[in-house]
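Scroll down for the structure; my scribbles are underneath it.
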Number of protein chains: 2
Amino acid sequence: MVTIKDVAKVAGVSTATVSRVVHNGGHVGDACRSRVKKVIEELGYRPNMNAQALVKRSTNTLGVVTPKLSMSFFGTLACGVEKAAKDQSYKLIMSNSLYETQSELDAINSLRDHHCDAIILHSEYSDEKTLIDLAEKIPGLVLINRYIPKIANRCVWLDNESAAKQATQYLVDKGHKDFAVVTSIYQNNDPEIRLRGIQDTLAANELQLHKNAVREATANLEGGEQAAKELLATGVKFTALIAYNDLMAIGAIHTLFDAGIRVPEDVSVIGFDNLSIAKACRPKLTTMHYPIEEMAHYAAELAIKLSDTSKAVSNRTHLFLSDIVERDSVSIIQ
Amino acid sequence: MVTIKDVAKVAGVSTATVSRVVHNGGHVGDACRSRVKKVIEELGYRPNMNAQALVKRSTNTLGVVTPKLSMSFFGTLACGVEKAAKDQSYKLIMSNSLYETQSELDAINSLRDHHCDAIILHSEYSDEKTLIDLAEKIPGLVLINRYIPKIANRCVWLDNESAAKQATQYLVDKGHKDFAVVTSIYQNNDPEIRLRGIQDTLAANELQLHKNAVREATANLEGGEQAAKELLATGVKFTALIAYNDLMAIGAIHTLFDAGIRVPEDVSVIGFDNLSIAKACRPKLTTMHYPIEEMAHYAAELAIKLSDTSKAVSNRTHLFLSDIVERDSVSIIQ
DNA sequence: ATGAAAGCGCTAACAT
DNA sequence: ATGTTAGCGCTTTCAT
């Protein structure tokens with residue numbers, strides 16, 4: 001391995017000078033600078049970042065903890081973070097938390113061991129207190145998709161309520177009166193918030209949600225199928241179905257289809273997330289866009305900003321809004 | 001930040017002793033050991049990995065370079081690597097290469113700067129020579145999904161030919177005689193290899209592929225739609241369609257469907273990859289399973305093994321096989 | 001069993 | 001403009 005000393009020796013200068021050249025620092029003569037540059041080139045010298053990190057006490061490293069990278073949603077999140085990292089020439093360390101509390105904390109600890117300056121955490125499992133403590137200890141910690149009032153300025157999240165309201169009102173405007181909801185059991189309270197948004201909007205339109213018209217299941221394809229089956233079994237009548245996410249929506253559509261109910265002719269369906277699968281299925285899914293890549297990018301920049309404790313950051317929370325993406329799974333009721 | 005010195009001071013021992021305790025080394029008295037442990041606990045001491053890496057000249061870090069994490073396939077790949085990393089308590093650094101040569105090399109270089117011991121590279125762009133040079137320089141470099149004979153023992157790849165043959169024979173066995181292929185333009189030569197596999201199998205069954213029956217497009221949903229449109233436009237007759245991947249298969253199915261051609265009743269379709277979307281679409285896609293997570297896991301272990309140059313590793317290549325996953329997109333021809 | 005000390009590769013004050 | 005030097009936090013011989 002070629003070190004700064006090797007370069008210094010060959011170039012006939014001190015290591016300090018080499019360091020200056022490497023960092024484009026001043027106080028180096030032109031001739032000297034170009035000579036050193038040439039030697040660096042020839043020897044293929046690359047600074048040892050561990051050594052740099054050791055003395056600088058900063059690693060220019062950004063960590064991300066998500067449940068599972070193979071899920072489209074988290075892959076997209078990671079992508080957003082990655083882009084921000086690259087823009088700021090930060091390195092990216094990743095860790096799956098696989099839905100377990102301990103693993104989530106393990107992941108964070110390992111990132112801390114590596115002296116990540118900034119950490120983006122998609123936590124679904126840890127309780128608020130743990131997170132608040134963590135935020136206190138780690139200046140560059142940012143929570144994505146979770147809102148904790150006490151550390152509001154560390155939270156980058158989506159306005160689930162408004163999203164749910166938008167979806168509902170959209171359906172109401174299309175003439176729908178009979179609603180069903182396929183929701184999820186989830187660690188954070190997004191499902192509740194969305195459900196409330198739906199109910200409020202319905203109430204505002206003098207409509208109501210039959211209690212049998214809400215089914216809960218795991219937030220995936222099978223969950224959607226299952227929930228829809230239960231819905232059908234109860235016999236509630238509905239022309240509009242709001243799903244917790246795209247996967248559930250698609251699962252529900254399959255179940256409906258198998259029962260001879262067509263989407264959107266007989267029942268209109270709205271999903272949530274706008275995963276790429278939403279336009280790969282038939283009918284193409286009308287869904288609420290979750291700008292996760294954008295949010296992740298923003299969160300990464302925020303985390304980097306926060307990690308520099310010398311700079312003050314305005315104390316505000318970071319709330320993103322969802323838009324509806326109109327495709328083919330919703331029809332108008334005459 | 002609490003350092004080893006702090007612990008030493010509080011515990012009234014030398015840093016050497018603390019180091020021994022931290023690493024469960026011998027030559028430490030029981031009383032002393034437990035006292036040090038207690039202090040470590042109390043102070044919340046965590047070794048600085050940068051310092052460790054500096055002196056040990058190894059970082060226990062594994063790097064991955066893939067084109068784009070938001071694509072399901074690469075997310076799954078990353079997941080496999082992550083699991084292996086976690087098993088061996090390696091840390092994971094990721095980098096998207098976003099399909100550009102330079103970026104691919106940038107990504108690798110940045111991993112090297114971080115002194116990654118092991119690197120998994122999904123390269124689609126760099127030429128063989130570059131990769132061979134790289135492999136020479138980096139003992140722990142492993143290529144995934146690419147086979148380069150000169151560095152065969154660094155390659156973890158899939159037998160595309162046998163996969164293509166399996167798919168074709170499967171269709172032949174179902175009675176199909178008229179084939180069409182939707183293939184892709186791609187940086188490596190997987191598409192060609194698969195196409196050859198298809199043709200060979202057809203020939204072996206005294207069948208042949210009409211030259212208008214092969215269409216090339218980008219390896220995504222839109223590409224599949226486009227290719228299928230062209231296929232239809234040429235008027236070639238076919239009852240079996242083999243697509244380069246699941247996305248193209250689904251795109252093609254959409255196009256066929258829009259043209260009033262039903263899958264699998266009128267045309268049978270086989271995909272490739274077995275992404276999660278393959279069972280989320282209707283009809284559920286019969287497809288060739290690409291064991292990418294398993295392969296990635298294996299590749300990570302291999303890279304770690306190789307990075308330890310003191311240990312000899314058997315000189316062999318690492319070829320994985322694909323299996324067919326039977327679902328609902330293929331029917332029997334009487 | 002424990003400690004002292006050298007040094008990993010680099011940066012940043014301080015000298016010159 | 002350039003060099004000298006003292007660490008950053010840790011491991012590892014070598015003493016004791």
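All values reported here derive from a predicted model rather than from experimental measurement. Residue numbering restarts at 1 for every chain, and letters A, B, ... go by the order of the sequence lines.
- One atom, CG of Leu54(A), and another, C1' of dC8(D), lie 4 Å apart when rounded to the nearest Å.
- Atom CE of Met49(B) is separated from atom C1' of dC10(D) by 12 Å (rounded to the nearest Å).
- Look at NZ on Lys9(A): it is 16 Å from C1' on dG3(D), rounded to the nearest Å.
- For Tyr290(A) and Phe73(A), the ring centers sit closer than 6.0 Å to each other.
- Distance Asp6(B) CG to dG9(D) C1': 10 Å, rounded to the nearest Å.
- Between the side chains of Thr76(A) and Glu293(A), no donor-acceptor pair of N or O atoms lies under 3.5 Å.
- Distance check, rounded to the nearest 0.5 Å: CE of Met94(B) to CG of Leu111(B) gives 9.0 Å.
- When rounded to the nearest whole Å, the span between NZ of Lys5(B) and P of dA6(D) equals 14 Å.
- Ring pair Tyr298(A)/His318(A) is tilted by interplanar angle, where 30° to 60° counts as tilted.
- The side chain to side chain contact (heavy atoms under 4.5 Å, CB included) test with Ile144(A) singles out one residue from Val65(A), Ile292(A), Thr66(A), Val81(A), and that residue is Ile292(A).
- For the pair Ile40(B) CD1 and dG9(D) C1', the interatomic distance rounds to 14 Å; values are reported in whole Å.
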Response to the item:
In 5'-to-3' order, the base (B), backbone-only (S) or no-contact (-) status of each nucleotide in nucleotides 11-16 of chain D, using a 4.0 angstrom heavy-atom cut-off, is BBB---

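- Side-chain atoms of Ser110(A) and Asp113(A) include no donor-acceptor pair closer than 3.5 Å.
- Between chain B and DNA chain C, the heavy-atom contact criterion of under 4.0 Å yields a 5' to 3' nucleotide range of dA1(C) to dG9(C).
- The side chain of Ser14(A) contributes an N or O atom lying less than 4.0 Å from OP1 or OP2 of dG3(D).
- One interatomic measurement links the two molecules: CG of Asn48(B) to C1' of dG7(D), which rounds to 14 Å at whole-angstrom precision.
- Atom-to-atom distance recorded for Leu54(B):CG and Asn50(B):CG is 8.5 Å, nearest 0.5 angstrom.
- In this structure, the separation between CG on Asp117(B) and CD on Gln88(B) is 11.0 Å, given to the nearest 0.5 Å.
- Checking Thr130(A) against Asp127(A) by side-chain atom types alone, a donor-acceptor pair falls below 3.5 Å.
- For the OP1/OP2 pair of dA1(D) and a distance below 4.0 Å, the side-chain nitrogens and oxygens of Arg33(A) include no atom meeting the criterion.
- Contact annotation for Gly25(B): no contact, since no heavy-atom pair falls under 4.0 Å across all strands.
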